[in-house]
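Reckoned from all heavy atoms, side chains included, excluding hydrogens, waters and symmetry mates.
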Amino acid sequence: MDLFRCDDGLRTVHFSLLCDFRHHCLDRSDEIFCRHAPCTRRACRSQQCVHWDEVCDGIAQCADLSDEDGCVRPSVWEAQQSDFVLPAFEISQPSPSIITLDGHGYFTQVRLETSQPCPHTHFRCGGNVSDCVPVYVRCNGVNDCPGKEDETGCDSYTCRGLYRCRGSTVCLHPDHVCDGLPQCPEQDDEMLCGHTCPAGCRCQGLAFVCQQAFPVTDNPGIRYLDATGSDMTPAHFDSLLYLVFLRMSKCALQRISNLTFPNLRHLDLSENKMAFLNMDVFLGLPNLRFLRLSSNPIHVVSGGGQSSVRQPLLQSVQLSFVSVKTFSAEIFSSFPNIHHLNLSFSEVHGIDDKGFKAMYFLKTLDLRGCPLSSFPRDVFQSLSSLEAVYADNYKLCCKDTLPDKFNVEYCFAPEDEISSCDSLLRSHVYRVFLWLLAGLAVTGNVFTIVFRLRAERGRSLTCFSIFVSNLGVADLLMGVYLAMVGGADQVYFGSYLWRDDDWKGSVACRVAGFLSLVSSEVSALTICLITLDRVIVLCFPFTKVRFGKHSALVACGAAWALGLLLAAVPLLPVTSSWRFYSQTGICIPLPVTRTTFPGQGYAFGVIIVFNFVLFLFIAAGQAIIYWSVKKNSVQTTDSSRKARDLSIARRLFTIVVTDFLCWFPIGLLGLLASGGVPIPGEVNVAMAIFVLPLNSALNPFLYTLNSVMEKSREREKAQMLKVLEARLKTEMSELGPSRVSMKGPAK
């Protein structure tokens, strides 16, 4: 059960002790706020009411004892503060005796034999000849026994089996509790007499926890009430003047009318069914400090516009898990002193142009879990008292949005894995590698295309050249994609914070993402075709089933058609709500983290599952080729043939390794993320910049530059053979005449 925390934070007090005209907090915050019913009888100085016949009756009814001020007869408090033997009265019985106080300044004596023990309600001052006095005068700070025995050993006095008075060392025998005479300094021994806990409730003093309806009028002094799940309404509690804490969660409340609880400080209406809320209904709660409205289907919040009434004490409002789409601080204009506002996990997409300008004293703001994307540039500028912000959107923690003197270290939002407040690519490492891979992909693949066209000029294109040329075009698109992202980074550099949505929602970003996915899929499909072609040529050299020029063109056309189709699906009208290519600043959402996004299932199916299947096909095909080349190499004794076969094997191994480095990490991370394994958000950008374009940058070197180098070596070898043949002819021509001249003289 909750406790009341004093405003100074130094103490906590049970709710039963609030508004009892006694100060239990050092700063008196447990009494200062209390509003009491008008007093039609004699009032104590503390505004507490007492009956006329309770004045000067020897019993202090007022907490400040003012009802006994000036009275002739000594009060019980005065009797307890003086020596046990009052000067106005004489002891009529010799010791030992049982002495009993009547609560009105008098006492009685009952003769006791020296062999008789004291009753359980009393204790003996000294030896067997001493008097027995009530237990409640022991350790009360007054010497009541002639030998002061009642005030000895108080440091270790434990009240075992007795009732300890609140805030004191005085203990009462159970027979003295609720006996109609207050013996405790704060009279708490008579406070809850006759009190019964209703059926279906758990009670601690004046603090009730009830799970079903109960007769409220039988318990008018309730300070704390937790009626969670009771299906009661606030109207049931109108008679509870001193109600300070009220929790009505899960009570199926659909609406609430004006509330009038003068002492209510905590109100919890969470987990109900309220869809509309007018904040003006809380203006009748002058002491309200904490308001909780979480987990209601609230989608419209109004109030504050018409009323001139102000409630200056409300400090904390919780509106988490509500359905409000747009937030306006004007709804809190009648509550100008709000310090803490919790909107976490609500459906707030935007903040209106006025931002939080009406909430001048706001200290903490929680926006975690909100899909917040639209807000004014000066959203927090007027909040000079702001101390902490919690959010998921990194842009809310940029200096341009925060107050001038705000310490950015107390703005808690995860860094965007891709962008920063100033630039699309938040790291120079990302920027350098992006341009490096873009340059390799563009120059390498342009060279591949040009080389193939020139090499096959005047001749009929082979199917292998067709495949490699198409691969070059597909990989060139990846370079174009990287260049477009890098170009956007340069264009928006220094002002990306306010142009982030412009870029992600632009046609250029969608085109860039489209090109990236087309390139990725067509490249993988084309490598599959190249692998299949090489398997047929090298492993089955005499088969008639093989790719020709026409069939190669048809296969490439099918690969392009499938790649374009896969990339175009997210752009169809039925999937336009995904905003597939506008999820991130790099325009392609890779499903390699646990972060969910629209179209995630499609991305997982294409980028992870489909591409992983293609990788397995490529790896299997290259393994078959490697096995065939190795087998043929073992059977031949030609050293040049073995060297050529070894070169082919190395190239095949390189192809498999690069494919593995590209697709295996993406597939593995995708599977782990789908299984709930936490993957850092930075992995997304690492996969998009470092891994996904890797094949596009390396394929020209694997499929074309190696061919260029081999042809260069062949030309060098042919040129060397020509030189050797020329030298041999020259030597033969020189040797021929000399041999003739030698034969002549011999004849």
Side-chain angles (χ1 to χ4, degrees), residues 2-12 25 27-30 32-33 244-247 259 261 263-270 277 279-294 298 301 303-304 307 309-322 324 327-346 348 351-352 354-370 372 375 378-391 396-397 401-413:
D2 300 310
L3 295 175
F4 176 87
R5 180 173 292 278
C6 302
D7 288 349
D8 59 11
L10 299 178
R11 288 184 180 180
T12 55
C25 293
D27 59 356
R28 302 187 175 188
S29 57
D30 59 321
I32 292 176
F33 72 92
V244 177
F245 182 104
L246 177 59
R247 176 178 291 141
L259 304 175
F261 298 103
N263 292 300
L264 192 67
R265 288 170 61 106
H266 299 251
L267 178 58
D268 185 349
L269 298 173
S270 61
L277 177 67
M279 289 297 295
D280 290 345
V281 301
F282 304 113
L283 292 176
L285 306 175
N287 275 303
L288 187 64
R289 302 288 186 90
F290 306 96
L291 176 60
R292 190 164 184 258
L293 298 163
S294 305
I298 301 172
V301 182
S307 176
V309 179
R310 294 291 181 267
Q311 202 280 25
L313 296 183
L314 183 60
Q315 296 181 358
S316 177
V317 178
Q318 289 195 23
L319 276 168
S320 55
F321 295 97
V322 299
V324 176
F327 176 80
S328 174
E330 281 192 350
I331 62 176
F332 296 118
S333 59
S334 297
F335 306 90
N337 203 33
I338 293 177
H339 292 173
H340 312 285
L341 178 60
N342 186 346
L343 294 169
S344 60
F345 298 98
S346 63
V348 175
I351 298 173
D352 67 7
K354 295 183 179 180
F356 296 91
K357 292 180 180 178
M359 307 181 73
Y360 306 106
F361 300 102
L362 191 64
K363 292 183 178 180
T364 62
L365 176 63
D366 193 343
L367 294 167
R368 286 173 292 189
C370 297
L372 184 61
F375 53 88
D378 57 348
V379 59
F380 302 139
Q381 288 293 329
S382 61
L383 304 181
S384 58
S385 300
L386 193 62
E387 297 176 356
V389 176
Y390 303 87
L396 292 172
C397 287
T401 63
L402 297 169
D404 294 336
K405 297 182 180 180
F406 184 85
N407 188 345
V408 180
E409 293 182 358
Y410 293 98
C411 190
F412 303 95

Using every non-hydrogen atom in the two residues, find where [X] and [Y] come nearest and quote the distance to one decimal.
X      : Y      : result
Cys397 : Ala413 : SG-CB, 3.6 Å
Cys411 : Phe406 : CB-CE2, 3.7 Å
Ile298 : Leu293 : CD1-O, 4.2 Å
Leu362 : His340 : CD1-N, 4.1 Å
Cys25  : Asp30  : N-OD1, 3.4 Å
Arg265 : Phe4   : NE-CE1, 3.3 Å

Is the shortest heavy-atom distance from the side chain of [X] to the side chain of [Y] under 4.5 Å?
X      : Y      : answer
Val317 : Phe335 : no
Phe375 : Thr401 : yes
Tyr410 : Glu387 : no
Val244 : Phe33  : yes
Cys6   : Ser29  : yes
Leu288 : Leu267 : yes

Nearest 0.5 angstrom please: [X] [atom1] to [Y] [atom2], how far?
X      : Y      : atom1 : atom2 : answer
Leu285 : Leu291 : CG    : CG    : 8.5 Å
Leu372 : Ile351 : CG    : CD1   : 4.5 Å
Phe290 : Leu313 : CZ    : CG    : 10.5 Å

Check: Quick check: are there more than 12 heavy atoms from other residues, nucleotides or ligands sitting under 6.0 Å from CZ of Phe361?
Finding: no
Item checked: Derivation and outcome, side chain to side chain contact (heavy atoms under 4.5 Å, CB included), residues Leu396 and Phe380 -> CA-CA 9 Å; Leu396 292 172; Phe380 302 139; 4.0 Å; yes
Notebook entry, point to check: Can any side-chain N or O of Gln381 pair as donor or acceptor with the backbone N or O of Leu402 at less than 3.5 Å?
Noted result: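 A pair under 3.5 Å: yes.
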Next item on the list: Kindly say whether Phe282 contributes a backbone atom to a donor-acceptor pair with the side chain of Gln311 at under 3.5 angstrom?
Entry: no
Notebook entry, point to check: Is any NZ, NE, NH1 or NH2 atom of the basic residue among Asp2 and Arg247 found under 4.0 Å from an Asp or Glu carboxylate oxygen of the other?
Noted result: yes
Notebook entry, point to check: Would Val324 and Leu319 satisfy side chain to side chain contact (heavy atoms under 4.5 Å, CB included), going step by step from the backbone distance to the final call?
Noted result: CA-CA 9 Å; Val324 176; Leu319 276 168; 6.0 Å; no
Next item on the list: Given ring pair (Phe, Tyr, Trp, His ring centres under 6.0 Å), test Phe356 with Phe327 step by step and report yes or no.
Entry: CA-CA 9 Å; Phe356 296 91; Phe327 176 80; 5.1 Å; yes
Check: Quick one: do the Ser270 and Ser294 side chains pair a donor with an acceptor below 3.5 Å?
Finding: no
Item checked: Asn342 versus Ser320, side-chain donor and acceptor atoms under 3.5 Å ->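 No donor-acceptor contact under 3.5 Å links the two side chains.
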Note to self: Exactly one of Met359, Arg289, Lys363 should register a side-chain contact (heavy atoms from CB on, under 4.5 Å) with His339. Which one does?
What the structure shows: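 Only one option passes, and that is Lys363.
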